[in-house]
2 protein chains.
Amino acid sequence: MNTKDVILKLADQLILEKGFNAFSFYDLAETIGIKTASIHYHFPTKTDLAIAVIHLHAAGFEQVKKQYATKDPLAKLEAFFNIYSRNKAEGQVCFVGSLCTDLYSIDPAIEAELTPVVKGILIWVTEILKEGKRKGVFHFSAAPRTKALLIITNMLGILQVSRITGKPDFNEVRNTILKELKTKKG
Amino acid sequence: MNTKDVILKLADQLILEKGFNAFSFYDLAETIGIKTASIHYHFPTKTDLAIAVIHLHAAGFEQVKKQYATKDPLAKLEAFFNIYSRNKAEGQVCFVGSLCTDLYSIDPAIEAELTPVVKGILIWVTEILKEGKRKGVFHFSAAPRTKALLIITNMLGILQVSRITGKPDFNEVRNTILKELKTKKG
DNA sequence: CCTTGCCTATCTACTAATAGGTAGTATATT
DNA sequence: AATATACTACCTATTAGTAGATAGGCAAGG
């Protein structure tokens, strides 16, 4: 892995663990064992670094989306949840939650990059739910887009809240969402 | 309102708007029209300020809890939601979401104060749901504590996500949660 | 095959601004 | 007089970012 990717991976980790405003180029440089000027060579500004991290996540979601495109809706939704489970295992929140809480304190250029990614995730989950309902494997009464918002905010929120209440709550929430979706109601 | 309360209110506002790591004593001082040293007089450290903000919210929840103690469960839950609606109106996220995303970058003393407050909110919502179910006004199949986690993470999460997707999504989520709770299922 | 020159990546050294925090002093209230 | 509140003046560390030097790799031209 080249230095640029090492910087990117570490920046991502720090954004999800501590938040965008809680780490500096010096933190990155010290951990990697290079100088801050070298980071500026790869990412001229901290904004550039944040945008690269967003693109990294966008690509990650895109890859899972493609990889599961022909699978059944349940497998798709589980693949979606697995992204969050991986974050939980590392003590991280999700990049959407981390950046949205800091949104009004960061460069608008970051928001401009984040917006289409968040909307894309919402569309993806909405489509999974629609497909699941059509095929009779998911049952819910709300509008698919609203149900997607409910599920996404559950995952985003529990990553944060379970830092306080404990990791088992993350799994409890994940399992309950799936159970309720699969349960046929009157 | 005395200076201490002015500082506290502004610090609260900035934590919910920009995040704990995104404002300085200088920002507070400049806005209020005093010197940073004066803030240090009232709140020796930034940690003290954060803890005071947490206590402010704890007192707020406590007050609503008492005020609605004898009301019906639906009124209680609506009062709970109104706290988040007020934040949304100001473009703010909730203090739990804001501080949890920054949790691993801040003084552990802040976490120590935050933990019982978050657990208290969870217990409160759990009790509202239990009472609602017992009285036949709420219908849900999950364990009450889990359902409380789902609802809390919905509110916390949508405050953040709707910064990107738009304010109407906040209301849509709020209304949908209530509608689903009130709907009798097979 | 070797030298010239470009490209990439890193370094040293620096800057101006901002961070949180302290010591000691002045002023206003009670 | 005592107390609460705010001030001036300062400190040390850190912040993001820049300028310019250096070193190695690699390709073209003589």
Side-chain angles (χ1 to χ4, degrees), chain A residues 1-15 17-54 98-99 101-114, chain B residues 1-54 56 98-99 101-114:
Chain A
M1 195 159 54
N2 60 36
T3 303
K4 188 169 185 177
D5 290 338
V6 171
I7 296 166
L8 198 55
K9 200 190 150 192
L10 182 58
D12 175 51
Q13 189 185 318
L14 287 172
I15 288 173
E17 269 173 22
K18 312 175 105 187
F20 181 71
N21 291 316
F23 74 93
S24 66
F25 273 38
Y26 180 77
D27 296 328
L28 298 169
E30 215 195 15
T31 305
I32 298 171
I34 56 176
K35 301 294 162 180
T36 59
S38 305
I39 301 177
H40 281 288
Y41 169 76
H42 294 287
F43 304 97
T45 68
K46 208 181 172 188
T47 292
D48 293 318
L49 187 51
I51 289 172
V53 167
I54 291 171
S98 178
L99 292 177
T101 56
D102 292 342
L103 203 67
Y104 298 159
S105 77
I106 60 182
D107 190 328
I110 300 176
E111 177 175 359
E113 297 294 323
L114 182 62
Chain B
M1 194 159 53
N2 59 36
T3 303
K4 189 170 185 176
D5 290 338
V6 171
I7 296 166
L8 198 55
K9 198 191 152 193
L10 182 58
D12 175 50
Q13 189 186 318
L14 287 173
I15 288 173
L16 304 196
E17 268 173 23
K18 311 175 106 187
F20 181 71
N21 292 314
F23 74 94
S24 66
F25 274 39
Y26 179 78
D27 296 328
L28 299 169
E30 214 194 17
T31 305
I32 298 170
I34 55 175
K35 302 292 162 181
T36 59
S38 306
I39 301 177
H40 282 287
Y41 169 76
H42 294 286
F43 304 96
T45 68
K46 208 180 170 187
T47 292
D48 294 317
L49 187 51
I51 289 173
V53 167
I54 291 171
L56 193 70
S98 178
L99 292 176
T101 56
D102 291 342
L103 203 67
Y104 297 159
S105 78
I106 59 181
D107 191 327
I110 300 176
E111 178 176 359
E113 297 295 323
L114 182 62

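The sequence lines fix the lettering, A, B, ..., with proteins before strands; numbering per chain opens at 1.
As a whole-Å value, the separation of B:L28 CG from C:dG21 C1' is 14 Å. A:I32 has its CD1 atom 14 Å from the C1' atom of C:dA9, to the nearest Å. With rounding to whole Å, B:Y26 atom OH is found 19 Å from D:dC11 atom P. Following rounding to the nearest Å, A:H40 (NE2) and C:dT15 (C1') show an atom-to-atom distance of 12 Å. When rounded to the nearest whole Å, the span between CG of B:N21 and P of D:dT15 equals 11 Å. Between the CZ atom of B:F43 and the C1' atom of C:dT22 there is a distance of 18 Å, given to the nearest Å. D:dT14 atom C1' lies 14 Å from atom CZ of A:F25, rounded to whole Å. B:I34 has its CD1 atom 8 Å from the C1' atom of D:dA6, to the nearest Å.
OP1 or OP2 of C:dA19 sits under 4.0 Å from a side-chain N or O of B:S24. Distances shown here put every side-chain N or O of A:K35 at or beyond 4.0 Å from the OP1 or OP2 atom of C:dC11. Put simply, B:S38 has a side-chain N or O that comes within less than 4.0 Å of OP1 or OP2 on D:dC7. Residue B:T45 has no polar side-chain atom (N or O) positioned under 4.0 Å from OP1 or OP2 of C:dG20. Put simply, A:T3 has a side-chain N or O that comes within less than 4.0 Å of OP1 or OP2 on C:dT10. Put simply, A:Y41 has a side-chain N or O that comes within less than 4.0 Å of OP1 or OP2 on C:dA9. Within the structure, a side-chain polar atom (N or O) of B:H42 is placed less than 4.0 Å from OP1 or OP2 of D:dA6.
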Could you walk me through whether B:S105 and B:D102 pass side chain to side chain donor-acceptor pair (under 3.5 Å), step by step?
-> CA-CA 5 Å; B:S105 78; B:D102 291 342; 4.8 Å; no
Could you walk me through whether B:L10 and B:F23 pass the side-chain contact (heavy atoms from CB on, under 4.5 Å) check?
-> CA-CA 10 Å; B:L10 182 58; B:F23 74 94; over 6 Å; no
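Inter-residue side-chain proximity for A:T3 and A:H42 is flagged as met; some heavy-atom pair is nearer than 4.5 Å.
Within the 4.0 angstrom heavy-atom criterion, only backbone atoms of the sugar-phosphate kind lie near A:F23; the bases stay farther away.
Under the 3.5 Å distance criterion, the side-chain polar atoms of A:K46 are matched with a main-chain donor or acceptor of A:F20. Under a 3.5 Å cut-off, the side chain of A:D27 and the backbone N or O of A:S24 do form a donor-acceptor pair.
Nearest nucleotide to the side chain of B:D27, out of C:dG20, D:dA16, C:dA19: C:dA19.
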